[in-house]
Protein chains: 2
Amino acid sequence: MTSTSSPFRTAEQKLEDRAAKRNAVLRAAVQMFNARGFHATSLDDVAASLGISKPTIYHYLGNKDQILLECLKLGLQQLLEAVAQARTLPGSGFDRLVRFLECYAEVMMDDFGRCVIRTPQESLTPQSLPEYRDIKRKIDAAMRELIEEGIADGSIAALDSRLLSFTLAGALNWTARWHNPDGEQDVGEIASTMVDILANGFTPANRPPPG
Amino acid sequence: MTSTSSPFRTAEQKLEDRAAKRNAVLRAAVQMFNARGFHATSLDDVAASLGISKPTIYHYLGNKDQILLECLKLGLQQLLEAVAQARTLPGSGFDRLVRFLECYAEVMMDDFGRCVIRTPQESLTPQSLPEYRDIKRKIDAAMRELIEEGIADGSIAALDSRLLSFTLAGALNWTARWHNPDGEQDVGEIASTMVDILANGFTPANRPPPG
DNA sequence: AACTCAACCTACTCACGAGTAGAGAATATT
DNA sequence: AATATTCTCTACTCGTGAGTAGGTTGAGTT
């Protein structure tokens with residue numbers, strides 16, 4: 001799109017072109033999946049929204065199942081990054097968990113993050129499910145670890161880490177269902193307000209929150 | 001099934017019979033919807049699980065859409081009852097909200113409650129959606145009211161009631177996704193532990209929880 | 001005995017949508 | 001210029017599953 005570029009594309013540019021088209025398909029698909037549901041979205045619909053035909057989609061992606069899997073992986077990828085970021089952070093376990101939760105909430109208000117919550121995992125074929133579940137398991141485990149580190153260093157109340165992680169994840173996951181991406185409310189603000197509320201639930205009793 | 005009953009059934013018994021069969025269809029259907037997903041469940045499957053044929057299902061219920069709507073309504077009905085119960089309770093707004101949340105969580109671990117969360121609302125036809133949404137709206141509004149009453153009487157922290165209700169509902173809704181109905185953990189215990197954690201999030205700062 | 005009606009069946013129709021065959025245009029390669 | 005490769009299309013196939021037509025059985029009614 002740079003106006004000064006030569007009309008003759010290099011091999012590298014062509015790869016980028018292809019990747020860009022592939023991504024455009026995924027983006028269009030995930031938005032339709034989120035709006036109408038996976039099963040109610042036909043690939044003809046997705047193609048039409050891009051002004052192309054269904055076989056063109058198959059030129060860039062294997063089949064509908066793979067399209068969904070890619071969308072889900074793009075969502076989960078962002079959560080893995082949030083984990084990685086939280087891991088490198090200084091401060092107490094409490095601080096790291098809070099930061100992680102804020103990122104987590106923001107991902108849930110992104111197209112691909114929303115898809116992870118809105119699309120039931122049974123929509124995947126049995127072939128794709130294991131790969132998806134593996135990544136999910138990793139994220140769950142990482143979150144539990146963050147909690148347990150906080151409990152160990154005394155910055156998080158000694159609760160059942162399993163139940164706590166489900167409670168926190170559930171509250172944040174739910175934003176994928178109610179948040180309107182076209183609304184004007186700031187995503188970061190929503191995230192931090194919710195995490196504030198939730199954080200009171202795992203603040204140790206002997207160390208009340210600031211306020 | 002009473003061994004002393006006459007083999008000749010009264011008209012009333014026949015109506016009961018019919019209702020029982022209808023309910024059996026709904027129960028079988030909802031369990032399959034929850035296990036495999038709505039779209040992945042064919043009515044032939046449901047019929048087979050009951051040892052009957054698909055037309056028999058149509059003898060008791062109009063169509064697949066209506067079956068889903070009935071299942072969802074059975075779930076929402078239980079939530080409406082939880083609202084009604086909380087309304088009649090004595091005590092502060094905080095107390096009423098906590099009781100409501102506990103019931104809410106338990107419903108989410110019931111077959112029909114699970115279905116409300118696990119089945120995307122887009123699975124309903126556009127004809128059925130409005131009715132479903134109306135009931136949901138009522139429940140949401142009631143929850144917000146409970147929160148606002150608590151804020152008004154000072155027993156609940158002065159937070160954004162909209163965001164607080166989404167946070168609480170989301171955390172509890174999520175049990176519908178992770179809780180294993182065949183597991184041994186007590187539903188009431190899960191509910192009260194989660195509500196305890198969440199309640200810390202809306203306890204006023206100047207009145208710390210017991211402990 | 002003749003009739004009615006609920007309950008249940010087998011055996012269809014029919015629409016929809018995933019995925020494909022095969023061709024044509026555009027672009028790159030020799 | 002000839003050839004290969006990429007990209008995209010139109011026009012199919014084909015399986016699946018919702019919903020229906022129409023018949024059988026058997027209990028209750030007149």
Side-chain angles (χ1 to χ4, degrees), chain A residues 5-26 28-29 32-33 36-71 119 122-128, chain B residues 5-26 28-29 32-33 36-71 119 122-128:
Chain A
S5 69
S6 153
F8 303 97
R9 296 164 311 150
T10 66
E12 190 190 346
Q13 276 175 326
K14 275 166 49 178
L15 280 177
E16 276 170 24
D17 260 29
R18 191 179 164 86
K21 286 182 182 175
R22 197 183 121 109
N23 288 340
V25 170
L26 291 176
M32 268 182 159
F33 293 164
R36 311 185 191 177
F38 175 74
H39 280 284
T41 302
S42 76
L43 293 188
D44 279 317
D45 292 338
V46 176
S49 82
L50 290 163
I52 61 177
S53 69
K54 183 169 58 174
T56 301
I57 290 182
Y58 279 87
H59 185 67
Y60 292 99
L61 288 147
N63 54 35
K64 198 183 180 187
D65 178 56
Q66 192 189 122
I67 292 174
L68 177 58
L69 182 60
E70 285 298 308
C71 290
T119 307
E122 314 92 40
S123 304
L124 285 171
T125 63
Q127 288 78 50
S128 303
Chain B
S5 70
S6 152
F8 302 97
R9 297 164 310 150
T10 65
E12 190 191 346
Q13 276 175 327
K14 275 164 55 176
L15 279 178
E16 275 171 25
D17 260 29
R18 190 179 166 87
K21 287 182 183 175
R22 197 184 121 111
N23 287 340
V25 170
L26 291 175
M32 268 182 158
F33 293 165
R36 312 184 187 176
F38 176 74
H39 280 285
T41 302
S42 76
L43 293 189
D44 279 317
D45 292 339
V46 175
S49 83
L50 290 163
I52 60 175
S53 69
K54 184 168 56 173
T56 302
I57 290 183
Y58 280 86
H59 185 67
Y60 291 100
L61 288 148
N63 55 33
K64 199 184 180 188
D65 178 57
Q66 192 189 122
I67 292 174
L68 177 57
L69 182 60
E70 285 299 308
C71 290
T119 306
E122 313 91 39
S123 304
L124 285 171
T125 62
Q127 289 76 51
S128 303

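Note that the coordinates shown come from a computational prediction; the quantities given were computed from them, not determined experimentally. Note: hydrogens, waters and symmetry copies are ignored here, and every other heavy atom, side chains too, is used. Each chain gets a letter, A, B and so on, in the order the sequences are listed, and its residues count up from 1.
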Original post:
Between C/dT27 atom C1' and A/Lys21 atom NZ, what is the distance in whole Å?
Top reply: 12 Å
Residues 49-57 of chain B side chain polar contacts: donor-acceptor under 3.5 Å, at least two apart:
| unit_1 | atom_1 | unit_2 | atom_2 | d |
| --- | --- | --- | --- | --- |
| B/Ser49 | OG | B/Val46 | O | 2.8 |
| B/Ser53 | OG | B/Thr56 | OG1 | 3.4 |

Original post:
Would you call A/Glu70 and A/Arg22 a side-chain contact if the rule is heavy atoms closer than 4.5 Å?
Top reply: yes
**OP:** Provide, to the nearest angstrom, the distance between the CG atom belonging to B/Asp17 and the C1' atom belonging to C/dC8.
**Re:** 15 Å
Original post:
Going by modelled atom types, is there a donor-acceptor pair between the base of C/dA18 and the side chain of A/Lys54 at under 3.5 Å?
Top reply: yes
**OP:** Enumerate the residues from residues 55-70 of chain A whose closest heavy atom to DNA chain C is under 4.0 Å, giving them by residue number; use none for an empty result.
**Re:** A/Pro55, A/Tyr58, A/Asn63, A/Lys64
Subject >> Qualifying residues under salt bridge (charged side-chain N to carboxylate O under 4.0 Å, His left out), relative to A/Arg36, sequence neighbours excluded >> reply: A/Asp45
Original post:
Is there side-chain contact between B/Leu43 and B/Tyr58, with at least one heavy-atom pair below 4.5 Å?
Top reply: yes
Original post:
Within a strict 4.5 Å, meaning less than it, do heavy atoms of the A/Phe38 and B/His39 side chains meet?
Top reply: no
**OP:** Please work out which residues in residues 40-48 of chain A have a non-hydrogen atom less than 4.0 Å from an atom of DNA chain C and list them by number.
**Re:** A/Thr41, A/Ser42, A/Leu43
Subject >> By side-chain hydrogen bond (donor to acceptor under 3.5 Å, both in side chains) - contacts of B/Asp65 (at least two apart) >> reply: B/Thr125, B/Ser128
Subject >> Beyond-backbone contact of A/Gln127 with A/Gln66, side-chain heavy atoms, under 4.5 angstrom >> reply: no
Original post:
Any side-chain N or O of B/Arg18 under 4.0 Å from OP1/OP2 of C/dA7?
Top reply: yes
Original post:
With sequence neighbours left out, what residues match B/Glu122 under side-chain hydrogen bond (donor to acceptor under 3.5 Å, both in side chains)?
Top reply: none
Subject >> Euclidean distance, atom CZ of residue A/Phe38 to atom P of C/dC16 [Å, nearest integer] >> reply: 19 Å
Original post:
Expressed in angstrom and rounded to an integer, what is the separation of A/His39 atom NE2 from D/dG17 atom P?
Top reply: 10 Å
Subject >> Between C1' of C/dC9 and CG of B/Leu50, the distance in whole Å >> reply: 15 Å
